[in-house]
Protein chains: 2
Amino acid sequence: MVKYQAISNEMRERIKKGYYPIDQPIPDEHTLAEEFNCSRLTMKRALDILVMEGLLSRKRGHGTFIIQSPADDNTVNVISDVNIGLSNLVGSEVVKSKVIVFEIQFPSEKVANQLMIDMDTPVYHIIRLRVVKDEPYVMEETYMPANLIPGINDQVLHSSIYNHINKTLELKMGGAHRKIRACKSNELDQKYLDCKIDDPILEVEQVGFLLTGVPFEYSFSRHRYDKFVFSTVTVNR
Amino acid sequence: MVKYQAISNEMRERIKKGYYPIDQPIPDEHTLAEEFNCSRLTMKRALDILVMEGLLSRKRGHGTFIIQSPADDNTVNVISDVNIGLSNLVGSEVVKSKVIVFEIQFPSEKVANQLMIDMDTPVYHIIRLRVVKDEPYVMEETYMPANLIPGINDQVLHSSIYNHINKTLELKMGGAHRKIRACKSNELDQKYLDCKIDDPILEVEQVGFLLTGVPFEYSFSRHRYDKFVFSTVTVNR
DNA sequence: TAGTGGTCTAGACCACCGA
DNA sequence: CGGTGGTCTAGACCACTAG
């Protein structure tokens with residue numbers, strides 16, 4: 001744990017515990033830097049984290065303020081600063097997978113375009129149903145270049161692709177572009193997600209890329225509308 | 001325009017124009033800092049921007065890489081790093097507003113909780129239909145503390161609340177917590193958004209707060225499912 | 001081991017804000 | 001004007017990765 005993270009954690013605790021009055025600015029950076037025995041830049045970086053988390057708000061010439069707004073929900077959330085698999089999202093709950101499609105094929109033009117490969121490069125085509133607490137939760141359709149992500153098999157598909165990439169292949173994920181939309185359910189949704197014909201679907205289209213910048217995954221996650229909320233925090237800078 | 005932004009812009013142009021080969025790292029920070037005649041920290045900060053935009057990806061001990069993944073769409077997008085009103089989102093298109101509800105009332109417990117006020121503090125309750133190119137686009141239900149955002153009237157409602165807050169009241173917006181979900185359409189949606197009974201809705205629930213951290217807006221934006229996509233870029237750090 | 005990005009310092013000047 | 005956060009420097013050491 002580096003210094004600015006440690007300071008950031010301490011400050012987060014203080015804020016949550018009401019150590020600072022919420023109707024006035026917290027102490028200025030110079031004062032805090034002295035208290036924490038660090039440079040002002042390090043103090044600033046510690047506060048940057050809390051600003052990005054949506055806990056603090058700053059104004060040059062004015063001060064740093066605590067944002068008086070709650071958060072969280074009881075449905076499962078995705079924080080937009082995290083990019084992990086579903087297996088890591090639902091905490092201690094067991095995520096089971098049912099493999100509906102697992103094949104290797106040549107990509108369509110659209111898929112090839114998103115993955116930045118040509119149409120002669122084989123891709124995995126995977127459709128998995130993800131089940132939490134014995135209830136269908138999300139259906140994921142995934143395309144991945146087979147040469148980039150080797151070793152996908154039935155066992156991997158039944159646990160976590162992300163863990164396979166991270167731990168077995170030792171590739172580091174860099175991030176993702178995402179698009180979130182509402183759409184109507186199709187026959188596959190109705191069959192596997194157990195939703196009615198007029199139930200909407202929350203679809204997340206995603207291009208995931210490695211730290212090297214190479215796209216490794218193009219996927220569509222179709223969520224039951226009553227079990228998924230996508231959460232983000234946006235802070236002006 | 002400060003130095004690191006100027007450098008960032010120059011680097012963004014270079015990357016988009018293919019100045020650097022995409023299959024190898026760009027020059028290291030020390031070399032680039034020399035070229036741009038700046039300190040390494042400033043160079044790093046310039047690259048930080050591009051990392052956050054999803055254009056670059058870094059790995060300690062390895063290098064900085066160009067992310068090979070396209071973006072954008074033809075539907076209207078929201079980038080998660082921006083917090084502006086719809087009026088500023090659709091470019092040069094004219095946004096018209098139809099005011100459906102405009103009243104002042106005492107907040108429900110839920111609204112009071114989100115706005116961090118007590119239930120004795122009056123709030124505006126506004127429902128507006130937003131129309132682009134003569135087609136219904138989104139219906140926004142908004143609650144705002146009346147004492148915090150004074151001067152809301154019919155004229156403001158027919159143009160842009162955000163501009164009123166920014167320019168007339170000279171308050172600076174700090175950011176927002178957002179939740180995005182799919183839901184079924186209700187009678188109001190069907191009546192005003194011109195959607196069918198089984199058309200889904202993309203709902204964005206939002207608590208907006210000022211730079212002082214004070215929540216000023218609790219809103220629900222209900223979008224036609226075929227005219228809105230929510231876009232985000234996520235980068236691991 | 002050499003080269004990369006990550007962190008940190010001490011100090012400086014600037015831009016913006018409120019009084 | 002004084003106080004705030006924003007930027008920038010020059011240099012240092014560290015952590016990680018590749019070969």
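Each chain gets a letter, A, B and so on, in the order its sequence line appears, and its residues count up from 1. Treat the numbers as computed from the prediction; the structure is a model and nothing was measured.
Residue A:Thr42 has a polar side-chain atom (N or O) positioned under 4.0 Å from OP1 or OP2 of C:dT9. OP1 and OP2 of D:dT4 both lie 4.0 Å or more from every side-chain N or O belonging to A:Lys59. Residue B:Lys3 places no side-chain N or O under 4.0 Å from the OP1 or OP2 atom of D:dG6. Between B:Thr64 and C:dG5 there is a side-chain polar atom (N or O) within less than 4.0 angstrom of OP1 or OP2.
Note on B:Arg58 versus B:Glu29: salt bridge recorded, some NZ/NE/NH1/NH2 to OD/OE distance being below 4.0 Å.
In this structure, A:Arg40 places its CZ atom 14 Å from C1' of D:dT9, rounding to the nearest Å. A:Ile49 places its CD1 atom 14 Å from the C1' atom of C:dC8, with the value rounded to the nearest Å. Taking atom CG on B:Asp48 and atom P on C:dT7, their separation rounds to 9 Å, with Å as the unit. C:dT4 atom C1' lies 9 Å from atom NE2 of B:His62, rounded to whole Å. Between the CD1 atom of A:Ile7 and the C1' atom of C:dC8 there is a distance of 10 Å, rounded to whole Å. Taking atom CZ of B:Arg58 as the reference point, atom C1' of D:dA15 lies 15 Å away to the nearest angstrom. Taking atom CZ of residue B:Arg60 and atom C1' of nucleotide D:dC14, one finds them 8 Å apart after rounding to whole Å. Straight-line distance from the CZ atom of A:Phe65 to the C1' atom of C:dC17: 10 Å, rounded to whole Å.
Under a cut-off of 6.0 angstrom, the local environment of CD in A:Glu109 is sparse, with at most 12 non-hydrogen atoms contributed by other residues, nucleotides or ligands.
Counting only heavy atoms from C-beta on, B:Glu29 has its side chain closest to C:dG6 among C:dG18, D:dT9, C:dG6. Listed nucleotides C:dC8, D:dC8, C:dG6 differ in distance to B:Arg45; the shortest reach to its side chain belongs to D:dC8.
In terms of position on DNA chain C, the residue among B:Asp28 and A:Met1 whose nearest nucleotide sits closer to the 5' end is B:Asp28. Nearer to the 5' terminus of DNA chain C, by closest-nucleotide assignment, is the contact made by B:Thr31 (compared with the other of B:Thr31 and A:Gln5).
Between the CG atom in B:Asn37 and the CD atom in B:Glu35 there is a gap of 10.5 Å [rounded to 0.5 Å].
Across all strands shown, D:dG19 remains unpaired; no Watson-Crick or G-U wobble contact has both distances below 3.5 Å.
Looking only at atom types and distance, the side chain of A:Glu205 has a donor-acceptor partner in the side chain of A:Tyr218 under 3.5 Å away.
Below 30°, between 30° and 60°, or above 60°: for A:Phe209 and A:His177 the angle between ring planes is between 30° and 60°, a tilted geometry.
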